[in-house]
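Heads up: the structure comes next, in structure tokens.
Naming: A, B, ... by sequence-line order, numbering from 1 per chain.
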Protein chains: 2
Amino acid sequence: MIQITLNEKIFVKDPLDTELGKRIIFSSINLIDELGFEAFTFKKLGSKINSTEASIYRYFTNKNQLLSYLISWYWSWLHYQLIFQTNNINDPQQCFRIALRLFTEPIQMDDSFKHVDEQALHRIVVSESSKAYLRKEVDKDNKDGYHSSYKRLVKAVADIVRKMNPSYPYAESLVSTVIEGAHHQAFFAEHLPTLTNVNQSGNSLEEFFSQLVLKTIQ
Amino acid sequence: MIQITLNEKIFVKDPLDTELGKRIIFSSINLIDELGFEAFTFKKLGSKINSTEASIYRYFTNKNQLLSYLISWYWSWLHYQLIFQTNNINDPQQCFRIALRLFTEPIQMDDSFKHVDEQALHRIVVSESSKAYLRKEVDKDNKDGYHSSYKRLVKAVADIVRKMNPSYPYAESLVSTVIEGAHHQAFFAEHLPTLTNVNQSGNSLEEFFSQLVLKTIQ
DNA sequence: TCACTTAGATAGTAATACTATCATTTAAGT
DNA sequence: ACTTAAATGATAGTATTACTATCTAAGTGA
């Protein structure tokens, strides 16, 4: 049983400390997935969990903070998976393959987190995660550590890339491009298929990015 | 003097047909750039151009349609630039270089469009363009042609990629990854620099993607 | 038992995202 | 010159959003 701990400034009151807090997290994932982030409101969430808007505000200052919390939680969880799955593996090539699979394949969540719908959270990450930072408030948010989980994950994978080729100077850029790109390509494959070749005639997301990275860093 | 024509369903009434329409376009670029898309409203725009909310609704059904219009206009304009600048150039490698420069360098707009602030529009494309499609309504929007300018541009550049290597099966994915990636990397370089190596010790956006593409398609 | 935490209930406010109506100006056709 | 239609402005109204504030009740722990 593991516990993922997030930066304290990313919530008003830690939702994992209470029963209501856990209901907020659990149900917000389903509701954001269902309605999309724009149409999602604390009022709707309140009525869904038989609580009130005011109660939810005791945990998060606004819905953007809640989104950032969910996304951060997801990155921390992926990072934990990466560390766990690459444990005792020395070949950086193989480590990278594991990382790439985490980014491109729908995740399988273990029983430690039954309260979380992993498929739904993944869909939210694909469709909504960039909205957590594409904001005017990004610098303030960043100071408060809203994006530190993401930054840690990118650094960890960039370190793997550097182990494969220490002279490649764009490790972080490559990794963040792959992560964001994986989301975009998955979204395009579903909604705007002319923008992608993924899911067409045997082409796969993983294969596309695998080739791209290995050839790029040679 | 050229005229960029956009799909008819992307507006209620063509803003380029009237004086007020042009003021809407011109000022919305500045206002979205200044406030960010979330804080931007038709009411604020109305008072900025000495008109009213109701008048703006006669051109666009909502602010998302206006955003889609601006972004579409930008893609159409880039596409035009691409065709113009690659005219009479047969070497696909060189054509690609031109395309890449269009995606990575702040554009220089010609005098035909003095009413448009090119720098501001580019900032909007970087920070807000993905919000035009990362929506629950994406399929409906797509049916109405909201994204056809983007799709045409991606196809045009993918055709260049295929000329360089006809057997590469991920041309569209590669191009859309580069375009979206160029935005992300530019945004990261400014706001979340630990996620990128661009703008650090002589590293450039253009160089990163140039290497990435050329090595990938070999 | 007292203090404290937690949450439910309710109310209120300013702003947002529209829709509707009506009057006025302007431009275009006969 | 007269008529009509299109374009805009002015104003009002509505439901919802995004909060903030206050008050009460229940439960917990020392």
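Lys13(B) places its NZ atom 16 Å from the P atom of dA5(D), with the value rounded to the nearest Å. In this structure, Lys63(A) places its NZ atom 15 Å from P of dT16(D), rounding to the nearest Å. One interatomic measurement links the two molecules: CD of Glu38(A) to P of dT17(D), which rounds to 13 Å at whole-angstrom precision. Distance CD1 (Ile24(B)) to P (dA7(D)): 12 Å, rounded to an integer number of Å. Taking atom CG of Asp17(A) as the reference point, atom C1' of dT28(D) lies 15 Å away to the nearest angstrom. One interatomic measurement links the two molecules: CG of Leu35(A) to P of dT16(D), which rounds to 14 Å at whole-angstrom precision. Atom C1' of nucleotide dT17(D) and atom CZ of Phe37(A) are separated by 13 Å, given to the nearest angstrom.
In terms of the side chain to side chain donor-acceptor pair (under 3.5 Å) criterion, residue partners of Gln85(A) (sequence neighbours excluded) are, by chain and number, Gln81(A). Shown here are the salt bridge (charged side-chain N to carboxylate O under 4.0 Å, His left out) partners of Glu207(A), two or more places apart in sequence or in another chain: there are none. With sequence neighbours left out, Ser76(B) forms a side chain to side chain donor-acceptor pair (under 3.5 Å) with Ser149(B). By the salt bridge (charged side-chain N to carboxylate O under 4.0 Å, His left out) test, Glu180(A) pairs with no residue at all, sequence neighbours left out. Residues meeting the ring pair (Phe, Tyr, Trp, His ring centres under 6.0 Å) test with Tyr146(B), sequence neighbours left out: none. Under the rule for a side chain to side chain donor-acceptor pair (under 3.5 Å), the partners of His191(A) that lie at least two apart in sequence or sit in another chain are Asp139(B). Considering only residues two or more places apart in sequence or on other chains, His147(A) meets the side chain to side chain donor-acceptor pair (under 3.5 Å) condition with none of them. Residues satisfying the salt bridge (charged side-chain N to carboxylate O under 4.0 Å, His left out) test with Lys140(A), not counting sequence neighbours, are Asp144(A). Residues meeting the salt bridge (charged side-chain N to carboxylate O under 4.0 Å, His left out) test with Lys155(A), sequence neighbours left out: Asp159(A).
Between chain A and DNA chain C, the heavy-atom contact criterion of under 4.0 Å yields a 5' to 3' nucleotide range of dT6(C) to dT10(C).
Only Ser51(A), Ala54(A), Ser55(A), Arg58(A), Tyr59(A), listed by number, bring a heavy atom of residues 41-60 of chain A to less than 4.0 angstrom from any atom of DNA chain C. Within residues 127-143 of chain B, no residue approaches DNA chain D, by heavy-atom distance under 4.0 Å.
When side chains are defined from C-beta on, Val12(A) does not count as touching Phe60(A), because their heavy atoms never get closer than 4.5 Å.
Under a cutoff of 6.0 Å and an axis angle of 45°, Lys131(A) and Phe37(A) do not form a cation-pi pair.
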